[in-house]
Amino acid sequence: MTTPAVTGAQQPVAEGLFTWPPAADRPTRLIGSECTGCGLVSFPAAPDCVRCASAEPEERLLADRGTLWTYTTQDFRPPSPPYDGPETFEPYAVGYIELPGELLVEARLTEPDPDRLRIGQAMRLTLVPYTVRDDGTEVVTFAFAPDEESVESEEETA
């Protein structure tokens, strides 16, 4: 099976996970929720609080930068179903990103090489291609990338 050409149309992998469409004047943000009863922050946004069972959550845009808490690499294609990504598999990394004062988010990492990742590394949210639909629409999802700006500022202060 050949991958269809991208037509320029894009869509998010799921509604309500991140701000959409992307805009040059604002960073993409994950959409979470915060319980008005106990303050628990959740991602993805939850209709009820898993801590106190309150049904009064408020939508909350989460930080777009954090630190790599832990990670692992995926060196083989996951079983299908449930995996519905491209037939051509490329190894990737998955990690937990600590968003300061909020929570840990499990996410794909844009850097697949474990030698270029380290616990505590500054990371930033980004959007990456997930798959291309038969009609040529590119489906995008969120991921975290090493935050090169933070790396440069750390090197300047060292």
Side-chain angles (χ1 to χ4, degrees), residues 1-34 41-48 50 57-100 102-154:
M1 179 173 138
T2 61
T3 302
V6 176
T7 62
Q10 290 184 318
Q11 71 179 51
V13 68
E15 295 296 324
L17 284 180
F18 47 86
T19 54
W20 186 262
D25 62 337
R26 64 173 163 73
T28 298
R29 305 278 292 274
L30 296 176
I31 302 170
S33 59
E34 182 173 1
V41 177
S42 299
F43 177 79
D48 300 305
V50 296
E58 291 184 349
E59 185 177 285
R60 175 178 173 156
L61 295 181
L62 302 176
D64 65 331
R65 294 173 193 267
T67 56
L68 186 58
W69 190 74
T70 194
Y71 66 93
T72 189
T73 57
Q74 177 72 29
D75 295 322
F76 57 91
R77 188 177 194 280
S80 295
Y83 181 75
D84 66 349
E87 292 293 322
T88 307
F89 178 78
E90 293 186 29
Y92 62 91
V94 175
Y96 280 98
I97 309 304
E98 183 175 14
L99 302 181
E102 294 177 323
L103 72 164
L104 294 174
V105 173
E106 180 181 8
R108 188 167 182 168
L109 306 178
T110 62
E111 178 54 67
D113 183 353
D115 292 334
R116 298 186 63 175
L117 296 169
R118 63 177 167 59
I119 304 299
Q121 184 173 14
M123 305 294 280
R124 65 176 168 73
L125 182 67
T126 189
L127 297 178
V128 295
Y130 174 69
T131 192
V132 178
R133 301 268 187 243
D134 290 340
D135 67 359
T137 301
E138 181 181 53
V139 178
V140 297
T141 190
F142 69 93
F144 280 84
D147 189 352
E148 300 301 329
E149 293 173 15
S150 294
V151 171
E152 290 169 9
S153 64
E154 286 174 12

Report the distance from atom [atom1] of [X] to atom [atom2] of [Y], rounding to the nearest 0.5 Å.
X	Y	atom1	atom2	answer
Thr73	Leu117	OG1	CG	9.5 Å
Gln10	Glu138	CD	CD	4.5 Å
Arg77	Thr88	CZ	OG1	9.0 Å
Thr70	Glu106	OG1	CD	11.0 Å
Leu127	Thr141	CG	OG1	8.0 Å
Phe18	Thr126	CZ	OG1	10.5 Å

Atom [atom1] of [X]: over 12 foreign heavy atoms under 6.0 Å:
X	atom1	value
Trp69	CH2	no
Arg116	CZ	no
Tyr96	OH	no

Item to check | Residues Thr28, Trp20; criterion side chain to side chain contact (heavy atoms under 4.5 Å, CB included); working and verdict | outcome: CA-CA 8 Å; Thr28 298; Trp20 186 262; over 6 Å; no
Checklist entry - Are the ring centres of Phe142 and Phe43 closer than 6.0 Å? => result yes
Item to check | Residue pair Pro12 / Leu17, side-chain heavy-atom distance below 4.5 Å | outcome: no
Checklist entry - With a 4.5 Å limit on heavy-atom distance, are the side chains of Phe144 and Leu68 in contact? => result no
Next on the checklist: Checking side-chain contact (heavy atoms from CB on, under 4.5 Å) between Met123 and each of Leu109, Asp147, Thr67, Thr110, which is the one that passes?
Outcome noted: Leu109
Next on the checklist: Which residue is it: Leu103, Leu125, Ile31, Ile97? I am looking for the one with a side-chain contact (heavy atoms from CB on, under 4.5 Å) to Leu62.
Outcome noted: Leu103
Which atom pair, heavy atoms only, marks the closest approach of [X] to [Y]?
X	Y	answer
Tyr92	Arg108	CB-NH2, 3.3 Å
Ser33	Ala46	OG-N, 2.9 Å
Pro112	Pro91	CB-O, 3.5 Å
Pro21	Arg26	O-NH2, 3.1 Å
Asp115	Asp113	N-OD1, 2.9 Å

Backbone N or O of [Y] within a donor-acceptor pair of the [X] side chain at under 3.5 Å?
X	Y	result
Gln11	Val13	no
Thr19	Arg29	yes
Glu102	Ala63	yes
Arg65	Arg124	no

